[in-house]
Amino acid sequence: MSDFNLKAATQEYATRLGDDAVVLGHRLSEWTSNGPFLEEDIALSNVALDYIGRARMYYTYAAELAGNGKTEDDFAYTRDMREYRNLLIHELPRGDFAYTMVRQLLVDVFNTYYLPELAKSADSTLAGIAQKAIKETRYHLRRSHEWTLRLGDGTEASHQRMQRALESLWGYTHELFDADPLELQLADAGIGVHNAALRPTWLAQVSAILTEATLTVPKDDWAVRGGRVGYHTENLGHLLNDMQFLHRAYPGCQW
Amino acid sequence: MATDNLELYEVFVRARRGLDHKHVGSLHAQDAEQALEYARDVYTRRSEGVSIWVVRSRDICASQEDDSESFYDPSDDKPYRHATYYQLPEAVNNM
Amino acid sequence: MMTPEQNFMRKIEAEEKIEPKDWMPEAYRQNLIRQISQHAHSEVIGMQPEGNWITRAPSLRRKAVLLSKVQDEGGHGLYLYSATETLGVKRADLIAAMQSGEAKYASIFNYPTQTWADIGAIGWLVDGAAIVNQISLQRTSYGPYSRAMIRICKEESFHQRQGYELMIALAHGSPAQKAMAQDALNRFYWPALMMFGPHDAESAHSAKSMTWKIKRETNDDLRQKFIDQTVPQIEFLGLVHPDQDLKWNAERGHYDSGEIDWKEFYNVINGNGHCNRQRVEHHIRAHEEGAWVRDAMTAYNAKQRAKTTEQRQAA
């Protein structure tokens with residue numbers, strides 16, 4: 001514990017949370033002009049904007065802690081896939097509308113329990129970011145909850161799409177509740193969150209919503225992990241390829 | 001992105017506490033709950049409101065222009081209902 | 001006793017707005033439906049060329065700005081569909097007309113966005129041209145259209161500014177960035193001038209629209225305003241003006257400019273620009289991919305209603 005550098009660990013933690021937010025924000029932004037109707041298109045863009053806003057706050061804080069003149073954009077635009085530390089569920093493709101909404105439900109319920117814990121952090125910046133994000137998440141969950149009901153209990157076709165998305169995403173949810181030594185130490189220091197403790201409440205609420213939507217809670221018989229150590233799915237490389245294209249093609253420019 | 005199977009809702013937004021709700025436009029939604037959420041995303045992207053009403057367009061009864069004589073003209077001869085009808089001395093005219 | 005037609009013209013001449021329930025000539029209604037829905041389609045199709053760069057925006061700030069701008073365009077499309085619907089048409093029918101090619105949208109969106117600088121050029125020039133037109137339309141005679149325009153103008157003031165700010169960053173950047181800015185200006189300047197439509201003498205709808213005060217200023221007058229205001233903006237960026245024939249005319253107090261390539265204009269209007277097919281196909285694809293979502297909503301709602309009725313009967 002003696003060689004545990006709290007500041008460096010906090011910086012790493014803020015970067016991880018920034019990675020989660022930027023990658024999911026990016027995926028949601030892929031819906032713009034592709035929504036199932038105009039009102040929903042506009043609403044999805046709002047959710048995407050919330051996540052990009054979060055990414056900026058986390059990265060700005062990470063940059064501040066790094067103290068070497070780095071900016072939020074250095075974090076987003078100059079790190080390669082193996083350096084990214086986001087949880088895998090955020091980087092999976094946008095998929096169809098069912099896939100996007102199931103992912104939102106799983107992540108929104110997680111954030112509903114995670115963010116209030118982070119808001120109690122001894123680190124006032126992280127607590128402040130969480131405080132702001134809680135309000136956004138309350139609205140996000142309201143949307144993903146309602147959409148899950150509509151699509152789960154809508155037509156036979158929509159029900160099937162939802163169940164399929166659920167089966168395909170479920171194995172990525174376990175990682176949400178993992179913690180490596182760094183996160184455990186931060187949680188013990190009152191800065192981070194003991195994620196594992198959140199799973200029972202998460203599972204209870206997700207199950208209740210899925211059941212209400214006539215969907216079946218998948219079996220816990222598979223799990224894919226690796227985001228926090230930079231072991232990603234193939235999808236992230238393509239996402240970064242897109243996102244970082246200008247920085248790669250014109251290195252060192254201001255935009 | 002058509003919405004042939006959705007309802008048309010009229011949206012009213014209260015810009016600040018103390019003001020009336022004002023009609024701002026309409027949108028399509030499946031139910032009132034969804035209409036409220038979309039109204040938030042569509043009509044208050046710049047914090048234009050503190051409160052939103054949505055009403056199904058087909059539930060609104062509107063006066064017709066042809067009715068306007070019977071609706072509004074009878075008020076024309078009641079100028080005493082308007083503050084400007086009363087001439088007060090300059091000293092107290094900011095009433 | 002005035003006829004409805006005389007009463008209508010009296011209102012127009014007295015600068016009173018026409019409201020949805022008022023009597024109006026059928027041709028006025030049709031003219032409005034055509035113009036407002038075309039405007040709405042333009043906003044919605046206009047999401048695509050800029051949307052093309054959302055995932056590639058080079059900073060998180062630019063990404064947030066661009067995303068909210070494209071989202072605004074969706075919102076503006078919605079305000080305008082909403083205004084059109086007050087004339088007794090359904091959005092679904094308007095969209096079907098656009099997808100079939102029967103209804104038009106602004107041709108400018110049939111040009112591809114090839115580089116990041118195009119995002120700057122679109123905000124600066126395309127939104128700039130649109131704003132000149134829209135400011136004038138705030139005084140249009142149809143109430144709901146006028147109110148939508150007022151709202152849109154208020155929201156769009158940031159659109160042009162962010163585009164120009166983006167151009168400043170490029171123009172003051174590396175030689176490659178500056179070249180990118182010049183290239184975008186060269187490609188978007190003329191199409192932006194074309195946005196004001198044909199010369200007044202050639203314009204099919206202009207005269208009637210002016211009499212009814214749907215349009216308040218002519219195509220050429222609005223275009224002139226835009227040409228004049230853009231000259232110092234190009235100078236400030238230190239870029240070369242794409243119009244070689246541009247000359248200050250002291251007598252007119254305006255810039256004289258070179259002739260627009262009208263052949264190109266009509267070619268794109270008639271559906272043969274770079275992206276005409278792509279834009280409509282994109283819209284149709286999104287619409288078709290969303291069909292199951294809309295069906296599910298309707299089915300869910302019907303189930304909920306049935307449940308409520310059942311409960312009521314049981315009680």
Side-chain angles (χ1 to χ4, degrees), chain A residues 18 22 25-46 48-49 52-53 55-56 59-60 71-73 75-77 96-98 101 147 149-159 161-162 213 239 242-247 249-250 252-255, chain C residues 40 43-64 66-68 70-75 77-78 81 91 95 115-116 166 169-170 172-174 176-177 180 282-283 285-304:
Chain A
V22 81
H26 186 102
R27 283 297 180 225
L28 287 166
S29 77
E30 291 173 358
W31 275 103
T32 306
S33 91
N34 289 301
F37 51 98
L38 199 44
E39 283 83 350
E40 182 56 28
D41 202 299
I42 294 166
L44 269 172
S45 300
N46 258 1
L49 279 169
I52 291 165
R56 296 186 64 187
Y59 283 152
T60 299
T71 67
E72 55 180 34
D73 289 332
F75 286 87
Y77 290 92
D96 65 3
F97 192 70
M101 273 306 148
W147 271 119
L149 298 184
R150 285 191 201 105
L151 300 177
D153 193 16
T155 60
E156 187 51 39
S158 72
H159 179 88
R161 280 176 190 260
M162 289 296 278
L239 185 153
D242 232 18
M243 190 164 94
Q244 300 176 338
F245 149 68
L246 280 167
H247 283 265
Y250 302 89
C253 287
Q254 297 295 310
W255 301 92
Chain C
E43 296 279 358
V44 171
I45 293 292
M47 295 169 78
Q48 291 180 38
E50 288 178 283
N52 182 36
W53 279 90
I54 290 174
T55 59
R56 289 178 291 171
S59 75
L60 293 177
R61 175 173 169 269
R62 295 271 181 224
K63 193 182 187 71
L66 180 58
L67 181 52
S68 53
V70 177
Q71 184 201 34
D72 268 354
E73 274 147 23
L78 208 143
Y81 282 129
R91 196 201 300 176
I95 286 174
T115 73
W116 172 247
L166 196 164
L170 296 178
H172 295 172
S174 71
Q177 285 176 306
M180 196 189 275
H282 177 126
H283 196 278
R285 179 189 47 70
H287 177 63
E288 286 175 353
E289 283 175 5
W292 71 268
V293 178
R294 301 189 299 271
D295 290 346
M297 289 166 74
T298 311
Y300 175 77
N301 213 31
K303 281 186 199 173
Q304 294 306 108

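Residue numbers begin at 1 in each chain, while the letters A, B, ... track the order of the sequences.
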Please name the residue in the list A/Thr155, A/Asp96, A/Leu151 that meets the side-chain contact (heavy atoms from CB on, under 4.5 Å) test with C/Val293.
A/Leu151
Roughly how far, to the nearest 0.5 Å, is CD1 of C/Ile54 from CE of A/Met243?
14.0 Å
So which of C/Ala296, C/Ala176, C/Gly173, C/Pro58 has the largest heavy-atom pair count under 4.5 angstrom toward chain A?
C/Pro58
Ranking A/Ala98, A/Ala55, A/Gly252 by heavy-atom pairs under 4.5 Å to chain C gives rank one to A/Ala98
Could you have a look at C/Trp116, C/Trp292, C/Tyr81 and say which one has the most heavy-atom pairs with chain A under 4.5 angstrom?
C/Trp292
Just verifying a value: how many Å separate A/Phe37 CZ and C/Ile95 CD1, rounded to the nearest 0.5 Å?
11.5 Å
Side chain, backbone, both or neither: which part of A/Phe97 has a heavy atom under 4.5 Å from chain C?
both
Evaluate the side-chain proximity of A/Trp147 to C/Tyr300: yes if any heavy-atom separation is below 4.5 Å, no if none is.
no
Heavy-atom check, side chain of A/Thr32 versus side chain of C/Gln71, under 4.5 Å
no
Might you point out which heavy atoms bring C/Thr55 and A/Ser29 nearest each other, and give the distance in Å?
CG2-OG, 4.2 Å
Let me know if A/Ile52 has heavy atoms under 4.5 Å from chain C in its side chain, its backbone, both or neither.
side chain
Any chance you could measure A/Arg150, atom CZ, to C/Lys303, atom NZ, to the nearest 0.5 Å?
13.5 Å
Please find the pair of heavy atoms, one from A/Tyr77 and one from C/Ser59, that lie closest to each other, and give the distance.
OH-C, 3.1 Å
Look up atom CH2 in A/Trp31 and atom CG in C/Leu67, then write down how far apart they are to the nearest 0.5 Å.
14.5 Å
Quick one: pull up CZ in C/Arg91 and CG in A/Leu38 and give me the separation to the nearest 0.5 Å.
5.5 Å
Just so I understand: if I count every heavy-atom pair under 4.5 Å between each of C/Arg62, C/Glu289, C/Glu288, C/Gln177 and chain A, which residue has the most?
C/Gln177
Within the structure provided, determine whether C/Arg61 and A/Trp255 are in side-chain contact (heavy-atom separation under 4.5 Å).
no
What pairs with C/Asp72 under side-chain contact (heavy atoms from CB on, under 4.5 Å), at least two apart in sequence or on another chain?
B/Arg45, B/Arg46, C/His76, C/Glu155, C/Phe158, C/His159
Name all residues meeting the side-chain contact (heavy atoms from CB on, under 4.5 Å) criterion together with C/His282; count only those two or more places apart in sequence or in a different chain, and write none if there are none.
A/Ser33, A/Asn34, C/Gln48, C/Arg285
On a heavy-atom basis, which atom in A/Leu246 and which in C/Arg56 lie closest, and how many Å separate them?
CD1-O, 3.7 Å
Apply salt bridge (charged side-chain N to carboxylate O under 4.0 Å, His left out) to C/Lys63 and A/Glu72, showing your working.
CA-CA 13 Å; C/Lys63 193 182 187 71; A/Glu72 55 180 34; over 6 Å; no
Contacting region of A/Leu44 [heavy-atom separation from chain C under 4.5 Å]:
neither
Contacting moiety of C/Leu60, where chain A heavy atoms sit under 4.5 Å
both
Most contacts with chain A, counted as non-hydrogen pairs under 4.5 angstrom, among C/Ala57, C/Ala302, C/Ser174:
C/Ala57
Check whether A/Ala48 gets within reach of chain C through its side chain, its backbone, both or neither, counting any heavy atom under 4.5 Å.
both
